[in-house]
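Note that these values count all heavy atoms, side chains included, but never hydrogens, waters or copies made by symmetry. Just follow the structure's listing: the first ligand is 1, and inside any ligand the first atom is 1.
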Amino acid sequence: MSLALGSLFTFDNSYVRDLGELCVPWEAAPAPEPSLVVLNDALAAELGVDAEVLRTPEGVAVLTGNARPDGAASVAMAYAGHQFGGYVPRLGDGRALLLGEVLDTRGQRRDLHLKGSGRTPFARGGDGKAPLGPMLREYVIGEAMYGLGIPTTRALAVVGTGEQVVRDRMEPGAVLTRVAASHIRVGTFQFAAATRDTDLLRRLADHAIARHHPAAAEADNPYLALYTSVVEAQAELLARWMLVGFVHGVMNTDNMTISGETIDYGPCAFMDVYDPATVFSSIDHGGRYAYGNQPAVAQWNLARFAEALLPLLHEDTDAAIKAATEVLLSFGDRYDRHRRAGMHAKLGLADGAGEDSALVDDLLALLQERKVDFTSFFRALARAAAGDPEPVRALVGEGVDAWAERWRAQLPARPGSETAEAMDRVNPIYVPRNHLVDEALTAAVAGDRGPWDRLLEVLARPFEERPGLEAYALPAPPSFGSFRTFCGT
Ligand code: AMP
Ligand code: MG
C-alpha cells in the first residue's frame, strides 16, 4: 500500500534502537475487511495526530498493522513472567506488535501498540487474535481509569478486522491500538535477567531510567534508585486502585509496568459491595488476585523485580539482596501513606492531623458486614457532611450513626457544604459498573454503539453528578446475579 502517511506519526523508536535483542521484527496478519469501530479523538489530539487521516482507509490500515507508515518499528516484544505464581520463561507479545514510539504534544514518549494483530513467534497455542467485545472493554475501562485520574494505558482505536475469531462462540475480530508510556514490564526484566547477559540487563535498566524515572540516574546507585522509584510508583498505583474498588484480576508480573501505569484490562472489574474477597475472574479459583490481596501481590511481584535486578545492585550478591530487601520492605509504609491520604480525602478529613486511627478500619468492617455498595457510600456520606444523614442511613442502616458521630468529630472546621464538595471531587459517582459495561458491550458487538458511547461519555467525568444519569450511579439490579470475567480474551 502506498503511504502518504509520513505526516501521520513521527516515530522515534528508542526501545528497538537500545534493546534490539528484546524484539522480534514481525508483520501483522492481514485483516480481510478492516473497518474503524471507534477512534479516540481526544487521545489522537494529545498525540498530535490528525484524526481525520486515521479515519481514511490508509489510516485504518495502519491501525490494523496492514500498512506500515515510514519509520514504524513493527516488532513483537519479548518478556517472561510469573503467571498465578508460576514462572513462564517466554511469554512475549503473542498477539501484539509495538508499532513504534511517538513524542506527544507535551513531548512525552508514548508507545503505539497493536493488540490482536495476529500470531507472532511468541504465540504458543494462541490464535493471535482478539474479539471485538474484550477490545471495547479494554477501551472503556482504560478511559474510565483515565477519567478517575489513575495512571493507565489508553486505547487510541479499535478496528474490526472483518474476520471471525473462535472463542466460546464465533466473535468478530478486532485490533486495539494501545498507547502506553512504555510496554516495559517486570516480566521484561525477568526475561533480560534470565539471559545472564548483564550488559543487556543494564541497558534495559538504563533505558527504563531515562524514560520513566530519570531522577534515578543522579543517585549513587542508579539501579537501586530505579527499584525504589518503581516500588513507590506501584505503591501509589495500588492505593489508587483500592480507593476506587478496582480489581485488576490478573496481576501477573508480565502485567505490571515499570512506568506505574495500569496495563492489560482483561478480567478486571470494579467491586460493588465492599468485600476484600471480591474476585471476578473465572480462572482465579484461589482468589490470588482478590481485591484485598492486591497490595500484597504487588509486593510479591516487586520481589520478583528485585531478583531480576540483583546483578546490577551490587557486585556482592548478599549486599545486593540486603539493599533490595530494605526497599521492598518499604512498600507497606509507602502503600499505607498513599492509601491513608486517599481515604482521608474520601472521608473529607484533613490529611494527617490527630484523627481516630481506627476510623477507616471500623468503617470498612461496617461496609462489609452490611454489604454496602462501595462507590455509593462515599457520595452518600458527602450528603451527610452537607447536613442530610438519610442517604447514608438508607445504605448502611441506623448502625452507621455511632460511626458517623466519630467521623463528624474529626471533620475540619469548615462549612459542611464545603466538606461535601471536597469529598465529591475525589469520590466518583460513576464507575464502570459490571452490568453497565456488559450491557453496553453486548449492544456494541451486535452493532448498536449507542449505550457504549453514552457510557464512555458518563465515565469521562466521573465526579460530576449530572441530571438524567441516575441509572449510571446505581448498583446492579439483583437479577444481574454474580459477575464473572473471562481471561480467554
Ligand atoms: P495476557 O493474559 O493478556 O496478559 O497474556 C499473557 C500471554 O498470553 C502473553 O504472552 C500474550 O501475548 C499471550 N496471549 C494471550 N492471548 C493470546 C492469543 N489469542 N494468541 C496468542 N497469544 C496470546
Ligand atoms: Mg498481559
For this session: Under the side-chain contact (heavy atoms from CB on, under 4.5 Å) rule, what do Leu91 and Phe122 come out as? Steps first, then yes or no, please.
Result: CA-CA 6 Å; Leu91 286 166; Phe122 298 108; over 6 Å; no
Test item, [X] contacting ligand 1 (heavy atom, 4.0 angstrom):
X: Gly92; value: yes
X: Val250; value: no
X: Met77; value: no
X: Gln83; value: yes
X: Ala123; value: yes

For this session: Take Ile150 and Trp241 through the test side-chain contact (heavy atoms from CB on, under 4.5 Å) and record every step on the way to the result.
Result: CA-CA 8 Å; Ile150 299 176; Trp241 289 0; 4.1 Å; yes
Problem set entry | Residue Gln108 excluded, over 12 heavy atoms near CD under 6.0 Å |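 Yes, because the 6.0 Å sphere around CD of Gln108 holds more than 12 heavy atoms from other groups.
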Problem set entry | CG/Asp168: more than 12 non-hydrogen atoms of other groups inside 6.0 Å |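 At most 12 heavy atoms, drawn from other residues, nucleotides or ligands, come within 6.0 Å of this atom.
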Exercise. With atoms numbered from 1 as shown, which atoms in ligand 1 lie under 4.0 angstrom from a non-hydrogen atom of Gly128?
Worked result: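 Under 4.0 Å from Gly128, ligand 1 has these atoms: 18 (C), 19 (N), 20 (N), 21 (C).
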Problem set entry | Distance filter under 4.0 Å to Arg124 heavy atoms, resulting ligand 1 atoms |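 Those of ligand 1 that fall under 4.0 Å from Arg124 are 7 (C), 8 (O), 9 (C), 10 (O), 13 (C).
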Exercise. Any idea which heavy atoms bring Leu455 and Val437 closest together, and the distance?
Worked result: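 Minimum heavy-atom contact is CD2-CA, 3.9 Å.
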For this session: Look at Asn255 and state whether any of its N, O or S atoms is less than 2.8 Å from the Mg ion (ligand 2).
Result: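 It does: Asn255 brings an N, O or S atom closer than 2.8 Å to the Mg ion (ligand 2).
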Exercise. Taking 2.8 Å as the cut-off, does an N/O/S atom of Asp254 lie below it from the Mg ion (ligand 2)?
Worked result: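 So Asp254 does not bind the Mg ion (ligand 2) by this criterion.
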Problem set entry | Closest to atom 4 (O) of ligand 1 (judged by heavy-atom distance), picking from Leu91, Asn255, Asn252, Val88 |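 Answer by nearest heavy atom: Asn255.
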Exercise. Can an N or O of Asp264 be found at a distance shorter than 3.5 Å from an N or O of ligand 1?
Worked result: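 Yes: some nitrogen or oxygen of Asp264 is under 3.5 Å from one in ligand 1.
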Exercise. Can you find an N/O atom of Arg95 closer than 3.5 Å to an N/O atom of ligand 1?
Worked result: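 In this structure, Arg95 places an N or O atom under 3.5 Å from an N or O of ligand 1.
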Problem set entry | Charged tip of Arg304 within 45° of Trp300 ring normal and under 6.0 Å |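 Yes, a cation-pi geometry holds between Arg304 and Trp300.
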Exercise. Does a donor on one side chain and an acceptor on the other come within less than 3.5 Å for Arg211 and His207?
Worked result: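 The criterion, which ignores hydrogens and geometry beyond distance, is satisfied for His207 and Arg211.
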Exercise. What N/O/S atom of Asp264 is the closest to the Mg ion (ligand 2)?
Worked result: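 This turns out to be OD2.
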Problem set entry | Derivation of the side-chain contact (heavy atoms from CB on, under 4.5 Å) call for His212 and Glu261 | CA-CA 11 Å; His212 301 304; Glu261 284 183 344; over 6 Å; no
